[in-house]
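Quick note: numbers below take in every heavy atom, side chains included, and nothing from hydrogens, waters or symmetry partners. Naming convention: chains lettered A, B, ... in sequence-line order (proteins, then strands); numbering from 1 in each chain.
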Protein chains: 2
Amino acid sequence: MKGRALDSRKELILKVVTDDYIESAEPVGSRTIARKYNLGLSPATIRNEMADLEESGYLKQPHVSAGRIPSQQGYRYYVDSLMELQTLADEELRMIKSYIESWSKEIDTLLQQTVKLLAQITRYPSIMLGPKLQSAVFKHIQLVPLNDYNILVLVVTSTGVVENKIITVDFPVSQVELDQISNQLNRKLRGVTLENLKSSVLNELKTEIEARNGFLQQAVNLLQRTLETKERTRIYLDGVINILEHPEFKEVEKFKPLMGMMEEEEKLYRILTAPTNANGLRISIGEEIQEEAAQDCSVITATYEMGGRVVGTIGVLGPTRMDYGHVVAVVDFIAKCISKLLSPES
Amino acid sequence: MKGRALDSRKELILKVVTDDYIESAEPVGSRTIARKYNLGLSPATIRNEMADLEESGYLKQPHVSAGRIPSQQGYRYYVDSLMELQTLADEELRMIKSYIESWSKEIDTLLQQTVKLLAQITRYPSIMLGPKLQSAVFKHIQLVPLNDYNILVLVVTSTGVVENKIITVDFPVSQVELDQISNQLNRKLRGVTLENLKSSVLNELKTEIEARNGFLQQAVNLLQRTLETKERTRIYLDGVINILEHPEFKEVEKFKPLMGMMEEEEKLYRILTAPTNANGLRISIGEEIQEEAAQDCSVITATYEMGGRVVGTIGVLGPTRMDYGHVVAVVDFIAKCISKLLSPES
DNA sequence: ATTTAGCACTCGTCATATGGGAGTGCTAAC
DNA sequence: GTTAGCACTCCCATATGACGAGTGCTAAAT
């Protein structure tokens, strides 16, 4: 009974119930449906259908004399087959346009602005993962001595991302020596992707220069250590306040676990990096999110690219009773915008 | 009547009322005081004193048949004259110690950890302002061409802080040319504080090299633009969830404006940079905070230093009914810790 | 003059009762 | 297969009243 495709009238009713519940946040009853949407069906018929839908797991009742609301399975069916993708409103396009026009070349600022924009348009908390280091192309390395035993390693990649790490060494190294090393490394490594760099190039380099140059050897080690310990890209979060607009969180106790989750980068990271399907879009509903605190939430994410490669994820968190049709369209569109902004052709 | 010093018995009662209210979050009545604290006074006497304290503005009543709670003026008097500074608990010292031992040399990570620690110990939301750029000492500049018209300007300061900015130029500049420029600038500027750099040194340099070198001229302009547009240091925030533990925020509507405020860096910045007194400690109560959304809150901040100069602020936000005696001690102590960590003597 | 006991009064809180309304399932008629 | 009718359930908003904590005031005690 579960999971079977529904006949078209049941689909219609499931769709109407879900649409209405998403809009009103109130359980929807047969009478409401008959009155509000002209389906040519009497409340009694609708009741029968709803009872069937409940039995097969698509709807549920908060309590016996209330209307129906979609179950997780119901939302899933809705999202997969029933939902109407919305087109962006003029106002929204206007906001996006003005955002694109005033984009910052500072990647950090740009990402911050992007996630703020997404939160503003969707009116849900929005989360974004910075671009993966791996897919960037090596551009420049600079070694700056801070004092005798501490060296600042700067790695610049093709899009202006700067990674920096402080490394402690056992013996003093002079500025001049460091400059030499930087220069040699720059010559050798320009144009290599960090991924390759990490996995193979550095090791080749190491054997190649074996014994030829003690300092260079050291420097390669430094670089390797830098890339290795650079654990995770920054996470951007904005619009947390938006979720408080929804009645399901009007009690603090409901909101608290979610707030806790959003303060743990670790958890946000896990949520955003769950596997996605081909086109990069992903919708996770309720328990599909592997996260205790978000059982009553849904997450919509899209991946974004940089020069044709997927490098990061942007997404929205909301109650399961979320405006899927709208948010999917927005997230998808904005992910495409950021991909364009990050892939320089000029 | 207002603001006059209180006689010792009134002080005692104001202190007891405030202490008790901070602990219980319930209005405190004369009977409670007489029973709980052995002051050798009858409830009636205490009532009379409380009536006086209310008349002169130190206490107020939520409603006529409830106990008293401190007014803003009452808290102010408490904080200035009555509060007992607590000493840190062993557990807290242990946490701080383990934090110091595992400190990260990445300044960004270090600040993140610090504010998390503060939030954990105080159980209030904690905010921290990154070190002001101005007081840092110039260490290194690097110009990296990203493509023909975009140049990444990297400025490294004495403590390993990296500022980066992308600058667009009108005509292509080659890597070699940029290297020359970087080198020259590095020679000239090493050891100068950014403050001096911004205000005078760069201008001197500009006139000095006038016409001698077109590129160098350009580069100085770049540097100037970089330092100018680097508007504000990053703000770190953690432990927002803690404030939800307090009954004054059990209704979402009370919490919402605060959440909104904490998502606006602009506002956090203003709160943290209000003027402080000599020793760097500041306690702002209720309306003393120039921020609509925080009228029922207090902020305790301390400044921290880097090589003897005040460079930033760290603080805690809580309800006016805040555990001042405890939080002041912790904030002060942690500010001193971070000052030590940031002022390298090794 | 100050302190205290006593007392009437206020007001918020909590538990209980009550009625209305929205919605259901079931049955019988269409 | 659909629908009208109806009894029934259960939430919710409102009213009610008892209770208790706390007050101010007055008068007596110190």
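If you measure from atom NZ of B:K10 to atom C1' of C:dT3, you get 14 Å, rounded to the nearest angstrom. Whole-Å rounding puts the A:E54 CD to C:dT24 C1' distance at 10 Å. Residue A:D52 contributes atom CG, which lies 14 Å from atom C1' of D:dT2 at whole-angstrom precision. Going from atom CG of A:L53 over to atom P of C:dG23 covers 17 Å, rounded to whole Å. The nearest whole Å value for the distance from the CD atom in A:E55 to the P atom in C:dT24 is 16 Å. The nearest whole Å value for the distance from the CD1 atom in A:I69 to the C1' atom in C:dT24 is 16 Å. Between B:I46 atom CD1 and C:dA5 atom C1' the separation is 14 Å, expressed in whole Å. Here C:dT3 presents its C1' atom at 11 Å from CD of B:E49, a figure rounded to the nearest Å.
In this structure A:E248 satisfies the side chain to side chain contact (heavy atoms under 4.5 Å, CB included) test together with A:H246, A:P319, A:R321, sequence neighbours excluded. Residues satisfying the side chain to side chain contact (heavy atoms under 4.5 Å, CB included) test with B:T87, not counting sequence neighbours, are none.
For the pair A:R94 and A:D90, the salt-bridge criterion is not met [side-chain N within less than 4.0 Å of a carboxylate O]. Under a 4.0 Å N-O distance rule, the pair A:E251/B:K250 does not qualify as a salt bridge.
Both B:R47 and A:G67 lie close to DNA chain C; mapped to their nearest nucleotides by heavy-atom distance, the more 5′-ward contact belongs to B:R47. Residue-to-nucleotide proximity on DNA chain C shows that, of A:A66 and A:N48, the 5′-proximal contact is made by A:A66.
No side-chain donor-acceptor contact under 3.5 Å links B:Y124 and B:D323.
Of the possible polar contacts, one joining the B:Q73 side chain to the B:S56 backbone as a donor-acceptor pair under 3.5 Å is found. When atom types are taken as modelled, the side chain of A:E92 and the backbone of A:A89 share a donor-acceptor pair closer than 3.5 angstrom. With B:E263 contributing its side chain and A:G239 its backbone, the two residues share a donor-acceptor pair below 3.5 Å. The backbone N or O of B:I69 lies less than 3.5 Å from no partner atom in the side chain of B:Q61, so there is not a single donor-acceptor pair.
Taking the six-membered ring where the residue is Trp, A:F255 and A:F249 present perpendicular rings, their angle passing 60° and hence far from 30°.
Contact check of residues 29-44 of chain A against DNA chain C (heavy atom, cut-off under 4.0 Å) returns A:G29, A:S30, A:T32.
Within 6.0 Å of CZ on A:R31 lie no more than 12 heavy atoms contributed by other residues, nucleotides or ligands. Environment of CD in B:E84: sparse, with no more than 12 heavy atoms of neighbouring residues, nucleotides or ligands closer than 6.0 Å. With a 6.0 Å radius and a threshold of 12 heavy atoms from other residues, nucleotides or ligands, B:K36 has its NZ atom above the threshold. Dense packing is recorded around NZ of B:K10, with more than 12 heavy atoms of other residues, nucleotides or ligands lying under 6.0 Å away.
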Provide a list of protein-nucleic acid N or O atom pairs under 3.5 angstrom, restricted to nucleotides 7-11 of chain D.
| residue | atom | partner | partner atom | Å |
| --- | --- | --- | --- | --- |
| D:dT9 | O2 | A:S65 | OG | 3.3 |
| D:dC10 | O4' | A:S65 | OG | 3.3 |
| D:dC10 | O2 | A:S65 | OG | 3.2 |

Any protein N or O atoms within reach of nucleotides 14-16 of chain C? Criterion: under 3.5 Å, listing atom names and distances.
none

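For C:dT24, one of the phosphate oxygens OP1 or OP2 lies less than 4.0 angstrom from a side-chain nitrogen or oxygen of A:R68.
Set against C:dT4, D:dT3, D:dT23, the side chain of A:T45 has D:dT3 as its closest nucleotide.
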Under the rule of Watson-Crick or G-U wobble with both distances under 3.5 Å, where | means paired to another strand and [ ] a crossing pair, DNA chain D maps to ||||||||||||||||||||||||||||||
